[in-house]
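The figures that follow rest on heavy atoms only: side chains count, while hydrogens, waters and symmetry mates do not. Both counts, for ligands and for their atoms, begin at 1 and track the order of listing.
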Amino acid sequence: MELKLFNTMGRQLSTFNPIHEGKVGMYACGPTVYNFAHIGNLRTYVFEDIFRKTLEYCGYSVRHVMNVTDVGHLTGDTDEGEDKIVKSSREMGKTVWEVAEFYTKAFFRDFGLLRCAMPSVVCKATDHIPEMIDLIRRIEAKGFTYSAGGNLYFDISRFPDYGKLALLDQQDLRAGARVEVDQGKRNPFDFALWFTKSKFEHQAMLWDSPWGRGYPGWHIECSAMSMKYLGEHFDVHCGGIDHVPVHHTNEIAQSESATGHTWVNYWLHGEFLLMGRDKMAKSAGNFLTLSSLVEKGYHPLDFRYFCLGAHYRTQLMFTFEGLDAARTSRLGLMERIVQLRAEAPQGPVQAAGKALEYLRDFETHAADDLNMPRCLADMWTLLRDAEVPSGMKLSVVLRMDRIFDLGLDSAKEESLTLDDESKALLEERRQARRAGNYKRADEIRAALKARGIEIQDSPQGQKVRFAAGQRGEKTVTSEDDRC
Ligand code: AMP
Ligand code: ZN
């Protein structure tokens with residue numbers, strides 16, 4: 001399988017060739033742990049997980065490194081504002097360390113619920129201050145820095161390739177087109193490597209450094225930690241698209257000025273999840289968390305399926321209608337797997353003929369810059385093909401699920417059990433019907449339908465089926481609400 005990836009550096013599709021045969025070093029910018037991740041953030045991690053699983057599907061052994069930003073990320077990405085975690089700690093009445101620990105745990109809970117594979121290394125910024133100081137020293141020794149107002153800045157005018165990733169206009173850079181509030185900077189595009197308390201009197205996390213007691217700028221942690229765990233030249237760096245113009249641009253400037261050579265070969269960026277017309281963002285207040293979806297009765301994997309429905313480089317607008325459709329498809333898929341198992345009691349059978357052709361199509365589309373919508377279509381076409389034996393369908397779909405990772409290998413009847421809220425609605429409807437309250441019974445039927453669950457009344461009780469399923473109905477009684 002020849003993998004083609006769209007490299008933000010150079011803006012073109014190119015064949016992926018790792019530095020060391022069979023191995024991939026992958027760095028993904030992790031969360032800033034000052035609040036719950038929103039589902040926009042989580043879309044980016046799902047994309048990275050799909051990418052990692054595609055690499056593994058291709059036979060690579062992946063060393064996946066992710067940082068946790070627990071210091072230094074200001075409310076503005078370009079050094080303005082105050083530290084996000086310090087702000088949260090004041091608002092929550094907790095220490096910065098408590099805030100970071102609480103939201104780190106919450107993040108990895110969501111990450112796991114979405115079946116994102118744990119990175120090989122998770123590294124916290126605050127555990128790597130000496131590495132950051134060493135790297136800043138190297139940058140300083142090569143003459144790329146200056147001090148002003150007590151802070152140490154990176155001087156972009158000394159780094160001719162500055163802005164290459166983001167295709168920043170060289171004239172704008174020279175003129176300093178960005179509006180800047182930090183008077184210490186010579187050019188607004190310069191950025192802080194080390195802050196001292198001269199800027200942040202209230203910062204609780206402070207370390208001694210050659211430049212005074214203070215704390216690191218946000219970007220330096222990713223340069224220092226990626227080099228520590230992946231070496232000074234590695235294969236892939238990913239993140240959300242918003243990181244292109246500032247964070248990743250500055251990471252490149254720092255890393256390459258220190259080493260004098262290329263740092264990363266491939267840059268992959270995931271597009272935004274939108275709410276209405278705007279990017280989902282905590283600062284704008286237009287965000288949803290994964291737990292808020294779960295509270296509404298969705299399974300976390302409904303959101304994973306929803307993400308698979310759009311290419312990672314296209315914007316995806318979040319709507320509950322879209323999530324409902326994803327849920328219906330996912331439940332229908334689970335149901336099909338259970339059904340295939342029943343039809344092929346001998347289990348998965350090695351694919352041949354048409355089944356193999358579907359698998360090849362899927363592989364071609366996955367290798368074409370991770371085209372998951374096409375891959376999903378390949379899977380559904382296979383499932384609908386009456387000529388392919390059930391055992392072969394099973395083996396091919398389970399193989400595809402090595403990338404989708406919707407947990408299909410463990411799709412059992414239990415996974416089709418209704419969630420608690422739907423169960424309660426079903427029970428309420430049973431009682432409403434018994435009491436002759438057909439108006440309420442109809443309302444509940446409509447509410448369940450919106451959740452992808454269809455009800456039929458039969459002499460044995462309420463029959464339930466998932467909307468996308470063709471078969472698989474089972475009688476639901478007051479004792480037995482499994483379907
Ligand atoms: P943060 O925790 O703010 O550092 O963001 C974590 C990741 O989520 C970064 O890679 C961001 O680029 C990404 N991100 C932020 N907002 C969105 C969004 N609306 N859609 C997709 N990714 C996002
Ligand atoms: Zn980063």
Side-chain angles (χ1 to χ4, degrees), residues 8 26-49 51 65-77 81 83-85 87-88 99-100 103-104 106-108 110-111 114 116 119 122-125 128 132 135 165-166 191 216-227 229-230 234 236-255 263-264 267-290 303 306-307 310-318:
T8 310
M26 164 181 172
Y27 186 86
C29 291
T32 305
V33 284
Y34 69 105
N35 202 333
F36 293 107
H38 59 63
I39 56 172
N41 302 132
L42 295 174
R43 181 189 182 198
T44 294
Y45 299 110
V46 169
F47 137 63
E48 290 163 354
D49 185 63
F51 176 36
V65 178
M66 181 191 275
N67 66 308
V68 170
T69 301
D70 53 357
V71 67
H73 193 168
L74 306 191
T75 44
D77 281 356
D83 186 297
K84 290 186 179 188
I85 296 174
K87 187 165 177 260
S88 264
V99 170
Y103 288 117
T104 302
F107 172 77
F108 283 108
D110 287 351
F111 196 78
L114 289 167
C116 292
V122 173
C123 38
K124 287 201 301 191
H128 294 78
M132 295 186 218
L135 187 61
L165 179 77
F191 56 93
W218 171 39
H219 318 293
I220 196 72
E221 65 176 89
C222 290
S223 294
M225 293 193 277
S226 64
M227 288 197 208
Y229 295 107
L230 294 169
F234 60 91
V236 214
H237 194 313
C238 350
I241 190 93
D242 53 335
H243 284 344
V244 175
V246 181
H247 183 48
H248 290 168
T249 288
N250 292 352
E251 285 184 24
I252 293 171
Q254 296 164 156
S255 307
W263 176 46
V264 169
W267 288 87
L268 266 72
H269 291 99
E271 255 294 354
F272 287 144
L273 183 73
L274 306 181
M275 234 0 207
R277 284 206 200 135
D278 303 318
K279 169 195 169 191
M280 184 174 285
K282 275 168 231 159
S283 52
N286 63 343
F287 68 93
L288 291 165
T289 58
L290 191 64
F303 181 67
F306 177 75
C307 292
H311 191 273
Y312 77 91
R313 282 195 294 115
T314 60
Q315 295 190 333
L316 173 59
M317 195 189 293
F318 179 81

- Which N, O or S atom of Glu251 lies nearest to the Zn ion (ligand 2), by name: OE2

- Task: May I ask you to check whether His38 and Phe318 place their ring centers less than 6.0 Å from one another?
- Result: no

- Query: Any N or O of Leu273 that comes nearer than 3.5 Å to an N or O of ligand 1?
  - Reply: yes

- Close N or O approach (Glu271, ligand 1; < 3.5 Å): no

- Query: At the Zn ion (ligand 2), what is the angle formed between atom SG of Cys222 and atom SG of Cys29, rounded to the nearest 10°?
  - Reply: 130°

- Message: Within the 4.5 Å heavy-atom criterion, are Glu221 and Thr69 side-chain neighbours or not?
- Response: yes

- Task: Ignoring hydrogens, just give me the one of Pro31, Gly40, Ala37 whose non-hydrogen atom is nearest atom 21 (C) of ligand 1.
- Result: Gly40

- Looking only at distances, please establish whether an N/O atom of ligand 1 is found under 3.5 Å from an N/O atom of Trp218. no

- Testing His247, Glu251, His248, Gln254 for side chain to side chain donor-acceptor pair (under 3.5 Å) with His219, which one passes? His247

- Item | Between Tyr45 and Phe107, ring centroids under 6.0 Å | yes

- Would you confirm whether Asn67, through its side chain, and Gly30, through its main-chain N or O, come within 3.5 Å as a donor-acceptor pair? yes

- Item | Name, closest N/O/S atom of His247 to the Zn ion (ligand 2) | NE2

- Task: Give yes or no for whether the N/O distance cutoff of 3.5 Å, strictly under, is met between Met280 and ligand 1.
- Result: yes

- Item | Under 3.5 Å: N/O of Thr44 near N/O of ligand 1 | yes

- Message: Is it the case that the ring center of Phe287 lies less than 6.0 angstrom away from the ring center of Phe36?
- Response: no

- Message: List ligand 1 atoms under 4.0 Å from Asp242, heavy atoms only on the residue side.
- Response: 11 (C), 12 (O)

- Message: For Met275, state whether at least one heavy atom is located under 4.0 Å from any atom of ligand 1.
- Response: no

- Task: Taking the side chain as every heavy atom from C-beta outward, state whether Leu290 and Leu114 have any pair of such atoms under 4.5 Å apart.
- Result: yes

- Message: With a 4.5 Å cut-off on side-chain heavy atoms, are Leu165 and Val244 touching?
- Response: yes

- Heavy-atom side-chain proximity of His237 to Cys29 below 4.5 angstrom: yes

- Heavy atom of Phe287, distance to ligand 1 below 4.0 Å: no

- Does Ala281 reach ligand 1 with a nitrogen or oxygen that is under 3.5 Å from one of the ligand's nitrogen or oxygen atoms? no

- Query: At under 4.0 Å between heavy atoms, which part of Lys282 makes contact with ligand 1: side chain, backbone, both or neither?
  - Reply: neither

- If you count the non-hydrogen atoms of other residues, nucleotides and ligands that lie under 6.0 Å from NZ in Lys124, is the total more than 12? no

- Message: If the cut-off is 4.0 Å to any non-hydrogen atom of Gly240, which atoms of ligand 1 fall inside it?
- Response: 10 (O), 12 (O)

